[in-house]
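Below is one structure, written out as structure tokens; the observations come after it.
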Amino acid sequence: MLNPNVVVCRLRKLQLLVHYCPILKPKTNSNSVPSFCFGSASKSTNLYSLNKKISHLVRTGRLSEARGVFDNMKHRNTVSWNSMISGYVKRGEMGNARKLFDEMPERDTVSWNLMISGYISCRGKGYIEEGRNLFDKMPERDCVSWNTMISGYAKNGRMDEALRIFNSMRERNVVSWNAMVTGFLRNGDVARAIEYFERMPERDAASLSAFVSGLIQNDELDKAARVLLEFGYKDEGREDLVHAYNTLIAGYGQRGRVGEARHLFDQIPFYGDRGKKGSGRFKRNVVSWNSMIMCYVKAEDIASAREIFDQMTERDIISWNTMISGYVHSSNLEEASNLFGKMPNPDTLSWNTMVSGFAEIGSLEHANDFFRRMPQKNLVSWNSMIAGYEKNENYKGAIKLFTQMLLAGEKPDRHTLSSVLSVSTGLVDLHLGMQIHQLVAKTVIPDVPINNSLITMYSRCGAINEARTIFDEMKLWKDVISWNAMIGGYASHGFFEEALELFKLMRRLNVRPTYITFISVLNACANAGLVEEGRKQFKSMSSEYGIEPRVEHFATLVDIVGRHGQLEEAMDLINSMPCEPDAAVWGALLGACRVHHNVELARVAAEALMRLEPESSAPYVLLYNMYADAGQWDNAAEVRMMMENNNIRKQPGYSWVDSSHN
DNA sequence: GTAGGGTTAG
């Protein structure tokens with residue numbers, strides 16, 4: 001067993017570790033530079049190839065290696081500095097970028113633009129202002145600088161500022177217009193996006209695909225389709241017009257409209273033929289095929305997905321990964337493994353798909369095997385494996401891996417933290433949960449799901465006031481899960497009035513309850529002995545909200561009315577059930593019969609239980625005791641005989657029986 | 001090496 005105190009102690013240390021050194025110091029690698037001498041003839045070629053090397057390393061995310069090369073260069077030009085700066089900018093390490101920018105001997109337009117872009121695209125205090133500051137100070141601004149400002153403001157939701165920049169530009173190019181259209185769409189202003197799209201003096205393929213993609217993000221799928229039909233031919237034909245079509249195919253797929261996606265996919269060759277001589281020529285590319293696979297995968301039509309996949313003459317890594325994920329999502333890990341074995345160069349994403357696939361179906365050994373063997377892990381790899389342990393209730397494994405992850409220098413994100421919060425909930429370990437809560441506060445901006453996990457954790461651990469604090473702090477940013485977690489927390493900890501009070505508030509605020517809400521509400525009624533209220537809530541479920549009661553709701557209502565002595569009503573309820581009553585339902589009835597000494601009905605309930613759970617001794621024992629209490633010794637003896645005949649041994653504890661009789 | 005657009009994993 002894992003000692004919780006040890007875990008807490010270890011976590012506290014690791015927390016400090018994460019807090020004080022979130023990112024490993026860049027390793028400088030002097031061996032990565034060839035040690036031949038730099039003659040004047042080879043100087044420029046060396047400079048060129050080293051610059052290329054830096055940009056390659058930066059592109060592949062190997063920033064510390066790039067820095068190593070950079071530091072060891074004898075001669076650098078502006079491109080060397082700019083490449084290095086771009087690496088830091090891409091990672092959002094503006095401090096490091098700024099240091100280089102300040103140190104570099106000569107800055108060109110690209111250097112300034114890089115810094116401006118880094119600052120203004122960063123969500124963070126003061127960054128946008130600093131970007132603006134540099135923009136204002138910049139000696140010779142080019143079109144890229146202006147466009148950077150537009151898209152930066154747009155990314156941060158400040159379309160008013162973006163517009164001001166746009167309006168003060170003397171010369172705009174197509175990118176300026178595209179950035180405005182994209183900005184409006186990103187901020188949900190479809191009307192103005194349309195206006196600007198129509199006002200554009202010229203449009204290129206990017207204008208069209210950006211517009212289409214933005215419309216789709218705003219759930220304007222049909223508008224997007226119309227735009228494509230209207231402008232798709234007319235516009236100067238560029239091969240990359242297919243981008244826009246690919247977007248729409250994927251958009252259809254995302255919303256389950258596979259038929260339309262397929263239609264568009266099939267039409268592309270015809271669109272391409274329209275302007276056969278000269279313009280308007282484009283054809284399906286690998287992304288079109290991949291998107292089509294994805295559509296079928298989303299629609300859980302794996303056979304069709306495979307058909308597309310098999311028809312492809314050229315596949316890229318995304319084709320393979322999408323197809324594999326299709327098999328993973330349909331729990332066909334055999335075929336997924338088969339494809340994984342066949343694919344040319346599986347990348348981290350491929351490995352992650354396999355890890356999460358096996359974890360999802362509960363094969364932790366296989367998941368772990370893939371996880372251990374993968375050549376390169378990323379945050380998703382760790383998260384998938386940790387989530388796998390958590391979902392399969394291997395909490396010890398989850399915590400162990402989480403610890404290893406922190407030790408490996410990987411910084412947890414909301415996915416990690418949400419998993420380990422669930423671990424705390426599963427272990428009902430308040431101390432662990434509080435530690436994770438602190439980590440949450442330091443690491444992420446809490447969103448609704450994370451707050452919900454916190455509410456669940458605190459309420460499950462009995463810290464109902466802490467749960468309520470989080471709940472109240474969420475203000476308007478609650479969803480139905482938040483309400484369910486809080487109401488459920490109250491109901492399961494004996495705060496029935498609070499549970500029902502909160503439920504009333506929820507209804508007043510027009511939050512639609514779910515079947516889970518009603519389980520808690522009925523539970524509260526049951527435990528508070530509120531018979532009439534219970535009946536009323538049960539009825540309102542279907543009459544007011546159209547939620548058909550499930551077996552859990554019936555079980556609770558049977559418990560409510562049964563315990564109140566309304567055994568006939570309880571039996572009628574069972575007979576009226578649209579689904580098969582389960583052990584919980586019959587158990588509730590049996591418990592009620594015991595309290596109210598109704599041996600006849602008890603026998604019915606007990607026999608049903610014997611059928612449903614042939615191994616369990618509980619119904620026999622209960623029935624025996626009831627007959628004995630009633631002095632019906634013949635019947636009691638009969639039950640004992642049945643027990644012996646069926647080879648049932650008495651075992652302690654029956655969870656479904658009324659707790660007061662346990 | 002800098003500005004706008006398409007497909008895959010938790």
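Computed over heavy atoms, backbone and side chain alike; hydrogens, waters and symmetry mates excluded. Throughout, protein chains are lettered first and strands after them, A, B, ... in sequence-line order, and every chain is numbered starting at 1.
Interface remark: the Asn378(A) side chain does form a donor-acceptor pair with the dA9(B) base, using a distance-only criterion of under 3.5 Å. Residue side chain Asn290(A) does not reach the base of dG6(B) through any donor-acceptor N/O pair under 3.5 Å, judged by distance alone. Counting distance only, with no hydrogens placed and no angle test, the side-chain atoms of Asp240(A) and the base atoms of dG6(B) include no donor-acceptor pair under 3.5 Å. Contact of Asp204(A) with dG5(B) (side chain to base): no donor-acceptor pair of N or O atoms is detected under 3.5 Å. One N or O donor and one acceptor, one from the side chain of Ser209(A) and one from the base of dG5(B), sit under 3.5 Å apart.
Note on Lys90(A): only backbone sugar-phosphate atoms sit closer than 4.0 angstrom, heavy atoms only; bases stay farther off. Contacts of Arg59(A) with the nucleic acid, taken as non-hydrogen atoms under 4.0 Å apart, involve only primed sugar atoms and P, OP1 or OP2. Across all strands shown, Asn51(A) has no heavy atoms under 4.0 Å from either base or sugar-phosphate atoms. Heavy atoms of Lys52(A) sit nowhere under 4.0 angstrom from any nucleic acid atom. The residue His329(A) sits close only to the backbone: its heavy atoms come under 4.0 Å of sugar-phosphate atoms, none of a base. Residue-level contact check: Ala250(A) touches the backbone only, with heavy atoms under 4.0 Å from sugar-phosphate atoms and none from bases.
Contacts between residues 330-347 of chain A and DNA chain B, defined by a heavy-atom separation under 4.0 Å, are absent.
Under the salt bridge (Lys or Arg N to Asp or Glu O under 4.0 Å) criterion, the residue pairs touching residues 210-221 of chain A are Asp219(A)-Arg255(A), Glu220(A)-Lys223(A), with sequence neighbours excluded.
Between the P atom of dG4(B) and the NE2 atom of His243(A) lies a distance of 15 Å, rounded to the nearest Å. To the nearest angstrom, P of dA3(B) lies 20 Å from CD of Glu171(A). Across the protein-nucleic acid pair, Arg203(A) atom CZ and dG5(B) atom P stand 18 Å apart, rounded to whole Å. Atom CH2 of Trp146(A) is separated from atom P of dG4(B) by 17 Å (rounded to the nearest Å). Distance, Asn352(A) CG to dA9(B) P: 11 Å, rounded to whole Å. The separation between Asn147(A) atom CG and dG5(B) atom C1' is 14 Å, rounded to whole Å. Here dG5(B) presents its P atom at 16 Å from CG of Leu241(A), a figure rounded to the nearest Å. Asn173(A) places its CG atom 17 Å from the P atom of dT2(B), with the value rounded to the nearest Å.
Considering only the side chain of Thr148(A), dA3(B) comes nearest among dA3(B), dT2(B), dT8(B). Comparing dA9(B), dT7(B), dA3(B) by their nearest atom to the side chain of Val175(A) picks out dA3(B). Picking from dT7(B), dG5(B), dA9(B) the nucleotide with the shortest atom distance to the side chain of Thr353(A) gives dA9(B). Here the side chain of Val380(A) is nearest to one of dG5(B), dT8(B), dA9(B), namely dA9(B). Distances from the side chain of Ser207(A) to the nucleotides dG4(B), dA3(B), dA9(B) place dG4(B) closest.
Neither OP1 nor OP2 of dA3(B) sits under 4.0 Å from any side-chain N or O of Lys155(A). Contact between the side-chain N/O atoms of Arg186(A) and the OP1/OP2 oxygens of dG5(B) is found at a separation under 4.0 Å. Proximity of Ser213(A) to the phosphate of dG6(B): a side-chain N or O atom is located under 4.0 Å from OP1 or OP2.
Looking only at side-chain heavy atoms (C-beta outward), Met73(A) and Asn51(A) come within less than 4.5 Å of each other.
Looking at residues two or more places apart in sequence or on another chain, you find no side-chain contact (heavy atoms from CB on, under 4.5 Å) involving Asn345(A). A search for side-chain contact (heavy atoms from CB on, under 4.5 Å) contacts involving Asn332(A) returns Tyr327(A), Ser330(A), Glu334(A), Glu335(A), not counting sequence neighbours. The side-chain contact (heavy atoms from CB on, under 4.5 Å) search around Pro346(A) returns Phe340(A), Met343(A), Ser350(A), Trp351(A), not counting sequence neighbours. Applying the side-chain contact (heavy atoms from CB on, under 4.5 Å) criterion to Ala193(A), with sequence neighbours excluded, gives Val181(A), Phe184(A), Leu185(A), Phe211(A).
At most 12 heavy atoms of other shown residues, nucleotides or ligands fall within 6.0 angstrom of atom CD in Glu314(A).
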So Asn178(A) and Ser207(A), side chain to side chain donor-acceptor pair (under 3.5 Å) or not? Walk me through it.
CA-CA 5 Å; Asn178(A) 287 350; Ser207(A) 326; 3.0 Å; yes

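The side chain to side chain contact (heavy atoms under 4.5 Å, CB included) test with Val355(A) is passed by exactly one of His366(A), Met385(A), Arg372(A), Lys377(A): Met385(A).
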